[in-house]
Colleague: 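Below are the structure tokens for one structure; questions will follow.
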There are 2 protein chains.
Amino acid sequence: MVSSKDVAKKAGVSQTTVSRVLNTPELVKKPTVDKVMRAIEELNYIPNANARSLVQNKTRTIALLSGPIHNPFFVDTTTAIVNYANEMGYRVHVQYVSDDRLQEAYTSIFENKVDGVILSCIFLDDPIFFKLKQLNIPFITYNRKHKNNEFFVEIDNFYAGYLSAQHLLELGHTAISWIGGPQNRSTFKERYAGFVKALEDYNIARNDDFIFTTDTSKQSIQDIFQHITSLDKQPTGICAATDSIALHLLDCFINKNLKVPEDISIIGIDNVDLSKHGLIQLTTVGSILEENLGFLAIKELFEMIENKKNSCVRITKSVKVFNRRTTSVPKQTI
Amino acid sequence: MVSSKDVAKKAGVSQTTVSRVLNTPELVKKPTVDKVMRAIEELNYIPNANARSLVQNKTRTIALLSGPIHNPFFVDTTTAIVNYANEMGYRVHVQYVSDDRLQEAYTSIFENKVDGVILSCIFLDDPIFFKLKQLNIPFITYNRKHKNNEFFVEIDNFYAGYLSAQHLLELGHTAISWIGGPQNRSTFKERYAGFVKALEDYNIARNDDFIFTTDTSKQSIQDIFQHITSLDKQPTGICAATDSIALHLLDCFINKNLKVPEDISIIGIDNVDLSKHGLIQLTTVGSILEENLGFLAIKELFEMIENKKNSCVRITKSVKVFNRRTTSVPKQTI
DNA sequence: TAAAAAAATGTTTACGTATTCATTTTAAAA
DNA sequence: TTTTAAAATGAATACGTAAACATTTTTTTA
């Protein structure tokens, strides 16, 4: 391994001068710079970022704790985050975190002295929130947020849930199913609350047989599908708490030769890129301006990292329905 | 920042002992271990992985240079790679590399002393190949390979191209288009060669008006679509060099109210997860056993990193056609 | 030209850990 | 016991860089 000392010796200068040539060349005389640069090239010297991190206590690395990218929502966000960070000259430690194994992911963050953390997988009462705050590590959550209501970028989840239900209600559906996730995630909790509120506003009694909680795995959604289709009285429309759930669900229905929306209406939330595909055309609820939450979040994170921005980030984007092809008036009323 | 020295002072031992408690506790007396562990907890001490890397010259980090995950192929591979590496206790630096900006990605690898590199984006004559070899960094390429024919995991690209064309030929297509990519990528080159060979074997003259090269961007594929549909004599079937291209193309056709396969047949290569979706059902060519190339590659990489495996990795998986719903007999013959 | 200021370079140290080598303590063997 | 071996701990050092401080060289000013 060739170090800056080797370069220094070869160029006949001190190690400090080598360091200066690389970091503040304007403080070094031209001929010296040339000498050193020549030595660097001849020796194929590459500075060791680890050593630099150690002395500067700055890693130019951020940690991304993302949900799985088989969920297309995280495809869009991960891409935006990684690319933006790379452009800013930062590396990104990516982890795809399943909710049941958060802890391992967390410890890895702390051992590696990242300059910032961006995470989607936080729980409403997640202790990581206070740990990050206490350690003074800049961080931001996207999609989900912590109950302390700080440092997040989200869509208006309550209203998204509301709009999702309202959309089906306005079409005439009364037997509406909700497929959501655990209530300790802000997204699922608020979207569900919005859904419930819409039913209330439209004076439709909530049928608890139609309310499902999934861990969002393909298998779990398949099970719920089985359950729904075996019901005596079946829903005519389904509000899926996320596009990912909706997409899996679509797959289930199609594979059983059921037609969407003819046999059943399905609406998602998130407006992921894939939902726009001509073969999919998923009706969904998403941010009005179609911004990518990950992109918004990473920009804010860099504000915090570099500008020492102090004001707390709290961003909630407005939503609307993107009316595509997976919803229609209910079967019975046709 | 609390260091092992602070812990040592608090516990009344030397820093060395603290280090030993963490790394080789079997060499430390029980009561001492307890003392130190108590101090660690009280001080909330977390070892600094950077410092450790510096002295051990081992980072427990690997670099992943992947293609963009909007291409579903890389969704599957990236997930497999990141998860496997994390399970092995390694961190993963992820970069999504566009072919035109490879160099920046490469320099970042070298500055950060990773223990291994796994990359999909290599060119046939890429100089990175020799650099990695020279620096003795364990590496492996998946999907694409270098012309030196070493350290790769791929599918049988030639035969995949062949099967793709053969599938359409057997259905009776004679006007077959190829949409591929630059020939300095092993995948595109070999798949195309297989395509050409199939046409030859079936005595179908190649129509150069039907051969297209895309940078795989959505826009570029859209342009090709426009071009094809404006042709006087149009192809009845399209061999897309990748599922990603095929999926974009499907979107284009559907959005113009053209039906697949009724109006045109489309076959891809890669057999990505998404191609199986009920609403998509893309006919494609892929690995017989449906292994994930990324997973195969990362396992091999760890063999190299940890077991100092010496034999060069050269894996080429056999392929077959996955016959789904996007191909049929050509329009004219119906 | 001498003195003062500015620019260029060098010396030394710190970052936080693991490791080598030396020393002390404890257990086993004589 | 005493001697010897083994176990446990500590002191000193290295990893490769940046930065604080010190010194030398060059330029500017008086």
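Here is the naming used below: chain letters follow the sequence lines, and residue numbers restart at 1 for every chain.
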Colleague: Strictly below 4.0 Å: does B/S3 bring a side-chain N or O up to OP1 or OP2 of C/dG16?
Modeller: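 No, B/S3 has no side-chain N/O under 4.0 Å of OP1/OP2 on C/dG16.
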Colleague: Which of these, A/N143, A/T141, A/N148, A/N149, sits in a side chain to side chain donor-acceptor pair (under 3.5 Å) with A/K145?
Modeller: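 When side chain to side chain donor-acceptor pair (under 3.5 Å) is applied between A/K145 and each of A/N143, A/T141, A/N148, A/N149, only A/N149 qualifies.
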Colleague: Just how far, in rounded Å, is P of D/dC21 from CG of A/L27?
Modeller: 17 Å
Colleague: Mind checking if B/T32 touches a base, just sugar-phosphate, or nothing, with heavy atoms under 4.0 Å?
Modeller: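 Touches sugar-phosphate only.
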Colleague: Can you tell me how far C1' of D/dG16 sits from CD of B/E111, to the nearest Å?
Modeller: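 Distance check: B/E111 CD to D/dG16 C1' gives 13 Å.
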Colleague: Determine whether the aromatic ring centres of residues A/F295 and A/Y84 are separated by less than 6.0 angstrom.
Modeller: yes
Colleague: Looking at B/N57, I'd like to know whether one of its side-chain N or O atoms comes within less than 4.0 Å of OP1 or OP2 on D/dC15.
Modeller: no
Colleague: Are A/N50 and D/dC15 close enough that a side-chain N or O sits under 4.0 Å from OP1 or OP2?
Modeller: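 No, A/N50 has no side-chain N/O under 4.0 Å of OP1/OP2 on D/dC15.
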Colleague: Measure the distance from NZ on A/K58 to P on D/dG16 and round it to the nearest whole Å.
Modeller: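 Atom-to-atom, A/K58 to D/dG16, this comes out as 23 Å.
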Colleague: Nearest to the side chain of A/M1, which nucleotide is it out of D/dG16, C/dT19, D/dA18?
Modeller: D/dG16
Colleague: Reckon B/T16 has a side-chain N or O less than 4.0 Å from the OP1 or OP2 of D/dT9?
Modeller: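 B/T16 to D/dT9 OP1/OP2: no side-chain N or O under 4.0 Å.
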Colleague: With a 3.5 Å cut-off and just heavy-atom distances, do the side chain of A/T17 and the base of C/dA8 make a donor-acceptor pair?
Modeller: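 Between C/dA8 and A/T17, which were checked side chain against base, a qualifying N/O pair under 3.5 Å is absent.
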Colleague: Quick one: label B/V13 by what it contacts on the DNA or RNA (base, sugar-phosphate, nothing), any heavy atom closer than 4.0 Å.
Modeller: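 Sugar-phosphate, no base atom in range.
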Colleague: Among D/dT17, D/dG10, C/dA18, which nucleotide sits nearest the side chain of B/S14?
Modeller: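 It is D/dG10.
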Colleague: Would you say B/V36 and B/V7 make side-chain contact, with heavy atoms under 4.5 Å?
Modeller: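 In contact.
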Colleague: Whole angstrom is fine here: how far is it from CD in A/Q56 over to C1' in C/dG16?
Modeller: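 Between C1' of C/dG16 and CD of A/Q56: 15 Å.
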Colleague: What's the CG-P distance between A/N48 and D/dA14, to the nearest Å?
Modeller: 18 Å
Colleague: Tell me: NZ of A/K9 to C1' of C/dG10, nearest whole Å?
Modeller: 16 Å
Colleague: When you measure from the side chain of B/V28, which nucleotide among D/dT9, C/dT17, D/dT17 comes out closest?
Modeller: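 Given the options D/dT9, C/dT17, D/dT17, the side chain of B/V28 is closest to D/dT9.
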Colleague: Taking N and O atoms by type only, does the side chain of A/Q15 place a donor or acceptor under 3.5 Å from a partner on the base of D/dA18?
Modeller: yes
Colleague: Out of B/V313, B/I140, B/T316, which residue meets the side-chain contact (heavy atoms from CB on, under 4.5 Å) rule with B/F152?
Modeller: B/T316
Colleague: Whether the side chain of B/H93 engages the backbone of B/L64 through a donor-acceptor N/O pair (distance < 3.5 Å, no angle test) should be reported.
Modeller: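 A pair under 3.5 Å: no.
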Colleague: Rounded to whole angstrom units, what separation is found between the CD1 atom of A/I46 and the P atom of D/dG16?
Modeller: 14 Å
Colleague: Rounded to the Å, how far apart are A/K5 NZ and D/dT17 C1'?
Modeller: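 Nearest whole value for this atom pair: 9 Å.
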Colleague: Counting just side-chain N and O atoms, does B/S4 come under 4.0 Å of either OP1 or OP2 of C/dT17?
Modeller: yes
Colleague: Specify the residue among B/K29 and B/L54 whose closest nucleotide of DNA chain C lies further upstream toward the 5′ end.
Modeller: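 That would be B/L54.
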Colleague: Centroid-to-centroid, A/F302 to A/Y90, below 6.0 Å?
Modeller: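 Centroid separation for A/F302 and A/Y90: below 6.0 Å.
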